[in-house]
Amino acid sequence: MAKIVRFLAALVFAGTLAACVQTTPEGQGIRGQVLLGPNCPVVQEDEPCPDTPYQTELVVTSADGVREIKRFSSDADGRFEVNLPAGAYSIRSPGGTGLPYCSVNDVLDVRPGRMTETTVFCDSGIR
């Protein structure tokens with residue numbers, strides 16, 4: 001009898017714990033593209049030198065940049081999609097300030113049921 005009571009108590013605890021875990025809905029978060037530039041040491045008026053898609057690892061942080069929320073990578077075309085709970089976030093390179101360094105300039109606001117679109121710019125260091 002005691003084993004059955006402990007088993008039932010464990011089931012109730014597991015069910016309660018599962019109900020408390022916050023899940024992130026699909027289709028809610030941040031998506032966009034990562035671009036690297038500048039790519040030419042000298043930009044001439046008649047010779048365009050656009051930023052190019054960039055595959056890299058990035059970090060979603062709290063809006064103040066202090067707390068790491070999730071790491072992810074962009075694909076070969078620089079595209080990414082990260083599911084997140086509603087809230088305010090920032091995106092940056094995962095380590096230090098070495099080059100190339102990537103970040104968004106604004107705080108990104110994720111709203112329930114929506115994807116927030118952004119472009120992450122990475123500085124190549126070419127001047």
Side-chain angles (χ1 to χ4, degrees):
M1 181 71 164
K3 285 184 179 183
I4 293 173
V5 170
R6 281 195 302 264
F7 176 74
L8 291 174
L11 282 178
V12 169
F13 176 76
T16 303
L17 183 62
C20 292
V21 174
Q22 182 180 8
T23 58
T24 303
E26 290 291 317
Q28 176 181 302
I30 301 170
R31 77 169 147 229
Q33 187 173 28
V34 181
L35 298 176
L36 177 68
N39 292 306
C40 304
V42 177
V43 177
Q44 308 259 338
E45 188 173 319
D46 295 335
E47 297 177 30
C49 186
D51 293 348
T52 55
Y54 186 53
Q55 184 174 16
T56 189
E57 183 180 7
L58 296 167
V59 175
V60 173
T61 67
S62 53
D64 60 9
V66 173
R67 189 169 50 93
E68 184 175 313
I69 308 297
K70 187 180 275 190
R71 286 181 182 242
F72 68 96
S73 293
S74 57
D75 67 16
D77 295 323
R79 302 226 175 261
F80 66 89
E81 184 169 303
V82 181
N83 291 313
L84 296 163
Y89 302 96
S90 188
I91 297 177
R92 63 171 170 78
S93 293
T97 57
L99 294 174
Y101 181 76
C102 309
S103 67
V104 295
N105 292 329
D106 301 314
V107 170
L108 302 169
D109 186 32
V110 173
R111 296 178 185 223
R114 295 186 171 185
M115 294 301 286
T116 299
E117 300 278 339
T118 193
T119 301
V120 178
F121 292 98
C122 299
D123 183 356
S124 67
I126 295 175
R127 299 287 184 259

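Only heavy atoms go into these numbers, but all of them, side chains included; no hydrogens, no water, no symmetry mates.
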With the side chain counted from C-beta on, respond yes when L99 and D123 share a heavy-atom pair under 4.5 Å apart, and no when they do not. yes
Nearest 0.5 Å, please: how far is CD in Q33 from CZ in F121? 9.0 Å
Report yes or no: do L36 and V104 belong to one cluster of Ile/Leu/Val/Met/Phe/Trp/Tyr joined by side chain heavy-atom distances under 4.5 Å? yes
Considering only residues two or more places apart or on different chains, which pairs with a residue in residues 41-65 satisfy salt bridge (charged side-chain N to carboxylate O under 4.0 Å, His left out)? E57-R71
Is it possible for you to say whether F72 and L108 belong to one hydrophobic cluster, with membership spreading through side-chain heavy-atom contacts below 4.5 Å? yes
For side chain to side chain contact (heavy atoms under 4.5 Å, CB included), just list the numbers for E26 and N83, CA-CA rounded to whole Å, side-chain angles, deciding distance to a tenth of an Å, and then say yes or no. CA-CA 6 Å; E26 290 291 317; N83 291 313; 3.2 Å; yes
Linking I/L/V/M/F/W/Y whenever their side-chain heavy atoms sit closer than 4.5 Å, directly or via other members, would I69 and I30 fall into one cluster? yes
Name all residues meeting the salt bridge (charged side-chain N to carboxylate O under 4.0 Å, His left out) criterion together with R31; count only those two or more places apart in sequence or in a different chain, and write none if there are none. E81, E117
If you measure from CG on L84 to CD on Q28, what distance do you get to the nearest 0.5 Å? 8.0 Å
So, does N39 use its side chain to make a donor-acceptor pair with the main chain of P50 at under 3.5 Å? yes
Would a single hydrophobic cluster contain both I126 and Y54, if residues Ile, Leu, Val, Met, Phe, Trp and Tyr are joined by side-chain heavy-atom contacts under 4.5 Å? no
Among C102, S103, S74, exactly one meets side-chain contact (heavy atoms from CB on, under 4.5 Å) together with V120. Which residue is that? C102
For A63 and S90 the tightest heavy-atom approach is O-CB, 4.1 Å
Quick one: do F80 and D75 satisfy side chain to side chain contact (heavy atoms under 4.5 Å, CB included)? Show the steps, please. CA-CA 6 Å; F80 66 89; D75 67 16; over 6 Å; no
If we only count heavy atoms from C-beta on, is the P38 to S124 side-chain gap below 4.5 Å? yes
I'd like to know whether V34 forms a side chain to side chain contact (heavy atoms under 4.5 Å, CB included) with L58, so could you lay out the CA-CA distance, the side-chain angles of the two residues, the decisive distance to 0.1 Å, and finally the verdict. CA-CA 10 Å; V34 181; L58 296 167; 3.6 Å; yes
Approximate separation, where rounding is to 0.5 Å, of T119 OG1 and I91 CD1: 10.0 Å
Heavy atoms, side chains only, cut-off 4.5 Å: are V82 and K70 in contact? yes
Rounding to 0.5 Å, atoms OG1 (T118) and CG (N105) come to a distance of 8.5 Å
